[in-house]
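Single-structure report; data block below.
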Amino acid sequence: AILQGIVYFFIKSIIFFKHSLCCFKIGHICTFNTFVNPEQPIPEEIVKLTGITDDMVKDAPSEAQALKAFFDFVGKRSDTGGEVLLIAHNADFDTGFIRAASVRQGMEFKNPYLDTLALARFLLPDLKNHKLDTVAGHYNLGDFNHHRACDDAAMLAAIYFCMLRD
């Protein structure tokens, strides 16, 4: 029953919440992925880091539209009707964007969340650092397109399942 109420997610942000969001629901695999129109040019260093250009986000939804779509996707737990657990790596960072965007848009953000960064520090204290790619390497999960929200979210889900085994 607990797996019915979990969403793994990653936000890649240029400015506030306005960039890219991807998440995976457990129980049945479905994804939510959107760019968010930042309504201003993307800084060159962000383009170099992510490969995401102004042209890619020009027709993307607004922050309010993307946030509403995210909350609709996350939904409620099917077993209790309560809030769905969000899982993220460095969750305070990612949920901070959602929380700030929620305030700006007059929406409520009440979801509990679990931080796999803290979990990695606890379970894997001997790693040189606990970045997502380092933890993925520890579990031999292969390469992924780091700094793209969907790839990071898929890797996060794989890492979390490995952590559950540990």
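Only heavy atoms go into these numbers, but all of them, side chains included; no hydrogens, no water, no symmetry mates.
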Is the backbone of [Y] close enough, under 3.5 Å, to the side chain of [X] for a donor and an acceptor to pair up by distance?
| X | Y | value |
| --- | --- | --- |
| N37 | K58 | yes |
| Q65 | S62 | yes |
| H89 | A118 | no |
| T95 | A91 | yes |
| D54 | P41 | no |
| H130 | L124 | yes |

For Y113 and D92, does a side-chain donor sit closer than 3.5 Å to a side-chain acceptor?
yes
[X] and [Y]: same hydrophobic cluster, using ILVMFWY side-chain contacts below 4.5 Å?
| X | Y | value |
| --- | --- | --- |
| V84 | F73 | yes |
| I46 | M56 | yes |
| V103 | V36 | no |
| F161 | I159 | yes |

Run the side chain to side chain contact (heavy atoms under 4.5 Å, CB included) check on F144 and D133 step by step: do they pass?
CA-CA 8 Å; F144 64 105; D133 51 347; 4.0 Å; yes
Under the salt bridge (Lys or Arg N to Asp or Glu O under 4.0 Å) criterion, do D72 and K68 qualify, and how do the steps go?
CA-CA 6 Å; D72 289 347; K68 182 182 181 322; 2.8 Å; yes
When rounded to the nearest 0.5 angstrom, what distance separates [atom1] in [X] from [atom2] in [Y]?
| X | Y | atom1 | atom2 | result |
| --- | --- | --- | --- | --- |
| L123 | M163 | CG | CE | 5.5 Å |
| I42 | D55 | CD1 | CG | 9.5 Å |
| L114 | L117 | CG | CG | 11.0 Å |
| S102 | F97 | OG | CZ | 13.0 Å |
| L141 | L132 | CG | CG | 9.5 Å |
| R121 | T116 | CZ | OG1 | 10.5 Å |

Answer yes or no: are there more than 12 heavy-atom neighbours, outside E45 itself, under 6.0 Å from its atom CD?
yes
Tell me, yes or no, whether the heavy-atom count around N129 atom CG, taken from other residues, nucleotides or ligands under 6.0 Å, exceeds 12.
yes
Do [X] and [Y] have side chains that get closer than 4.5 Å, going by heavy atoms?
| X | Y | answer |
| --- | --- | --- |
| I52 | V47 | no |
| D59 | F35 | no |
| L85 | N111 | no |

For the residue pair [X] and [Y], what are the closest heavy atoms and their distance?
| X | Y | answer |
| --- | --- | --- |
| M155 | G142 | CE-O, 3.8 Å |
| R99 | F109 | NH1-CD2, 3.1 Å |
| Q105 | A64 | OE1-CB, 3.1 Å |
| P61 | A66 | CB-N, 4.2 Å |

